[in-house]
Amino acid sequence: MIAELTGMDVANASMYDGSTGAAEAVMMAVRVTGRHKAVVAATVHPEYREVLATYAKHQGLPSTLITYNKETGRIDLAALEAAVTGETAAVLVQSPNFFGIIEDIPAIAAIAHAKGALLIVSIAEAVSLGVVRPPVEADIVSMEAQSFGVALSYGGPFCGVIAAKEQYVRQMPGASWVRQSTAMEPWLRSHARHARATHPPREGDVEHLHEPGAGRAHGHNLPRGLRQGRHPRIGRAQPGQSRLRSQTLAAQPGAKLLFTGAPRFHEFVLQTDEAPAAWSKRLLDEKIVGGVELSRWYPELGNATLWCATEVVTREQIDKAAKVLAAGLVRHNDDQRNTRQSPHPPDAE
């Protein structure tokens, strides 16, 4: 089912999460190509990139970070083409990327393959494949499948999977399978041939216990059901974005939507004249969590924040968030305008 969804030939569900899956996919590309360099898009989730850096630290695997186009939010294709060389093992991109923008996978694949590098597409939100074209041009797809029936608890657990073209199956990380126990124990057990495994042995991987649950949810929704929008997130993410845009961005000065030159899914970037810390507090007073400040990872974006609207967000909550944010921006802009127009006080006699 994962192979069908991603457009790959084979799949292996043996990763801790999407971040370790992306890092393992890069290591896999190194084994396949015999090369030892990677090119990574700056639009890959920053924490995914940190995990990759941890994996690569003691393996002599340098990576080149490729910036993004300021208009579209997509990876800069000219910079990518200049960075990929005959020593590049893998090009790692995320789509939809960290900004929620859908990357041009065919164009990226053409650049990577022209130099003999493998293309890895990381997908942080598997549900997106219900409406986004599968990255069939990729060689390896790493995906976080938590949203397929794995309930979060204290920040986890997650469910990372890797899918690839059939010719790379021998280098896929892990050598495990899941079966139902025939003994008295009713739970499911996982087994790995650690002696020949392509990643370090891990005892008691809880992720394997979530594979059957994710598989059941996957089978219930896919392929036809998810692609027809029966999953609640497919039906609500885009309306949430359009409502925030129309009520907050189009109607009020002091805010604008960034990266409008490319299609997106689920998330969007909002830039405001007012600092995010100010309006975020107003939203919290209404028990609403606002967008994530992007300056932590992308200081060049200034007062930009990353927003999303998932299936747990009601339309009423979206309307309320838009109203609170818009009213605050109006007050902020009025204060700024009054400050600029007020004359300097006369000197004291």
How far apart are the closest heavy atoms of [X] and [Y], and which atoms are they?
X: Tyr48; Y: Ser122; result: CE2-OG, 3.4 Å
X: Thr67; Y: Lys70; result: OG1-NZ, 3.7 Å
X: Pro62; Y: His36; result: CD-O, 3.2 Å
X: Pro96; Y: Phe265; result: CG-CB, 4.1 Å
X: Ile123; Y: Ser128; result: CG2-OG, 3.8 Å
X: Gly73; Y: Thr43; result: O-CG2, 3.4 Å

Distance in Å, [X] [atom1] paired with [Y] [atom2], rounded so as to fall on 0.5 Å steps:
X: Cys159; Y: Asp17; atom1: SG; atom2: CG; result: 10.0 Å
X: Ile66; Y: Glu81; atom1: CD1; atom2: CD; result: 11.5 Å
X: Asn69; Y: Ile101; atom1: CG; atom2: CD1; result: 10.5 Å
X: Glu293; Y: Tyr298; atom1: CD; atom2: OH; result: 15.0 Å

Is there a donor-acceptor contact under 3.5 Å from the side chain of [X] to the main chain of [Y]?
X: Asp9; Y: Lys165; result: no
X: Asn12; Y: Val161; result: no
X: Arg49; Y: Val44; result: yes
X: Arg264; Y: Gly100; result: no
X: Glu125; Y: Val127; result: yes
X: Arg31; Y: Gln171; result: yes

Hydrophobic clusters here meaning ILVMFWY residues chained together by side-chain heavy-atom distances under 4.5 Å, can you tell me if Leu92 and Val136 are in one?
no
Please tell me whether Leu306 and Leu284 are part of a single hydrophobic cluster in this structure, the criterion being side-chain heavy atoms less than 4.5 Å apart.
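Leu306 does not cluster with Leu284.
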Steps toward side-chain contact (heavy atoms from CB on, under 4.5 Å) verdict (Ile75, Ile108)
CA-CA 9 Å; Ile75 186 174; Ile108 297 171; 3.6 Å; yes
For residues [X] and [Y], determine if any side-chain heavy atom of one lies less than 4.5 Å from a side-chain heavy atom of the other.
X: Glu274; Y: Arg282; answer: yes
X: Glu71; Y: Thr260; answer: no
X: Pro263; Y: Arg74; answer: yes
X: Ile120; Y: Met28; answer: no
X: Asp273; Y: Asn303; answer: no
X: Thr64; Y: Val40; answer: no
X: Val141; Y: Ile162; answer: no
X: Leu118; Y: Val32; answer: yes

So with a 6.0 Å cut-off around CD of Glu166, is the heavy-atom count from everything else above 12?
no
Enumerate the salt bridge (charged side-chain N to carboxylate O under 4.0 Å, His left out) contacts for residues 82-108, please, sequence neighbours excluded, ordered by first and then second residue.
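Those involving residues 82-108 are Lys37-Glu87.
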side-chain contact (heavy atoms from CB on, under 4.5 Å) between Leu294 and Thr305, intermediate numbers included
CA-CA 5 Å; Leu294 292 176; Thr305 47; 5.7 Å; no
Asp285 vs Leu283, side-chain contact (heavy atoms from CB on, under 4.5 Å): CA-CA, chis, key distance, verdict
CA-CA 5 Å; Asp285 290 340; Leu283 288 175; over 6 Å; no
Which residues share a side chain to side chain donor-acceptor pair (under 3.5 Å) with Gln94, sequence neighbours left out
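In terms of side chain to side chain donor-acceptor pair (under 3.5 Å), with neighbours along the sequence ignored, Gln94 is linked to no residue.
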Residues Phe99, Thr72; criterion side-chain contact (heavy atoms from CB on, under 4.5 Å); working and verdict:
CA-CA 10 Å; Phe99 301 140; Thr72 65; over 6 Å; no
With sequence neighbours left out, which residue pairs that include part of residues 129-144 fulfil the side chain to side chain donor-acceptor pair (under 3.5 Å) condition?
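For residues 129-144, and leaving out neighbouring residues, the side chain to side chain donor-acceptor pair (under 3.5 Å) pairs sorted by first residue read His113-Asp139, Arg133-Glu137.
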For the rings on Tyr68 and Phe98, is their centre-to-centre separation under 6.0 Å?
no
Give the C-alpha distance, both sets of side-chain angles, the deciding distance and a yes or no for side chain to side chain donor-acceptor pair (under 3.5 Å) between Asn97 and Ser95.
CA-CA 4 Å; Asn97 64 28; Ser95 184; over 6 Å; no
